[in-house]
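Heads up, the thing below is written out as structure tokens.
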Amino acid sequence: LVEQGAWLRRLGIGERAAALCAAHPERAEEIAGQLTRLTDASEMGRLFKVLALTGPDGPAPAGFGHRS
């Protein structure tokens, strides 16, 4: 179980948002606001969680890091 904000950051949402801002500078403020809403601890970033179920010998899914 991983918080949505951490999971999205591990998947590269910051880099994706930066690329979108560069491609659409007129929408940079909107994109930044959406990034904050999805990842910030005071918004959806901590409230929502991500869960992945895999087999015991499989690799950790993207964004979940190493298995313990």
Side-chain angles (χ1 to χ4, degrees):
L1 192 63
V2 176
E3 291 178 354
Q4 173 178 288
W7 183 71
L8 289 171
R9 284 189 294 276
R10 290 177 193 157
L11 292 177
I13 195 170
E15 292 81 2
R16 175 68 176 150
L20 285 171
C21 288
H24 303 281
E26 73 282 1
R27 296 186 63 196
E29 188 175 325
E30 176 187 359
I31 293 165
Q34 293 169 348
L35 176 64
T36 297
R37 180 176 171 131
L38 290 171
T39 61
D40 194 85
S42 66
E43 300 272 350
M44 295 171 66
R46 182 172 286 160
L47 179 64
F48 288 84
K49 311 292 190 263
V50 180
L51 174 71
L53 303 174
T54 64
D57 297 326
F64 284 87
H66 302 290
R67 293 180 184 251
S68 53

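Residue numbers run from 1 in the order of the sequence given.
In this view, E30 and R27 satisfy the salt bridge (charged side-chain N to carboxylate O under 4.0 Å, His left out) rule, not counting sequence neighbours. By the side-chain contact (heavy atoms from CB on, under 4.5 Å) test, L53 pairs with L51, sequence neighbours left out. Take R16 and apply the salt bridge (charged side-chain N to carboxylate O under 4.0 Å, His left out) test, not counting sequence neighbours, and it matches no residue. With sequence neighbours left out, the side-chain contact (heavy atoms from CB on, under 4.5 Å) criterion links L47 to no other residue. The salt bridge (charged side-chain N to carboxylate O under 4.0 Å, His left out) test applied to R37 returns no partner, not counting sequence neighbours.
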Check residues 39-46 and write down every donor-acceptor pair under 3.5 Å in which the side-chain atom is one partner and the other belongs to a residue at least two apart or another chain.
| unit_1 | atom_1 | unit_2 | atom_2 | d |
| --- | --- | --- | --- | --- |
| T39 | OG1 | L35 | O | 2.7 |
| D40 | OD2 | S42 | N | 2.9 |
| D40 | OD2 | S42 | OG | 2.5 |

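Taking all atoms of both residues into account, the shortest heavy-atom contact from T54 to P61 is CG2-CG, 3.6 Å. A62 and L11 get closest at one heavy-atom pair: CB-CD2, 3.6 Å.
Using a 4.5 Å cut-off between side-chain heavy atoms of Ile, Leu, Val, Met, Phe, Trp and Tyr, with links allowed through other members, F64 and L8 fall into the same hydrophobic cluster. In this structure, I13 is a member of the same hydrophobic cluster as F48, with clusters built from ILVMFWY side-chain heavy atoms closer than 4.5 Å. Hydrophobic clustering, with ILVMFWY side chains joined whenever heavy atoms are under 4.5 angstrom apart, keeps L38 apart from L20.
For CD of E29, the number of neighbouring non-hydrogen atoms (other residues, nucleotides, ligands) closer than 6.0 Å is 12 at most.
Side-chain contact between K49 and Q4 is absent, with no heavy-atom pair separated by less than 4.5 Å.
Panel note: side chain W7, backbone L1; no donor-acceptor pair is recorded below 3.5 Å.
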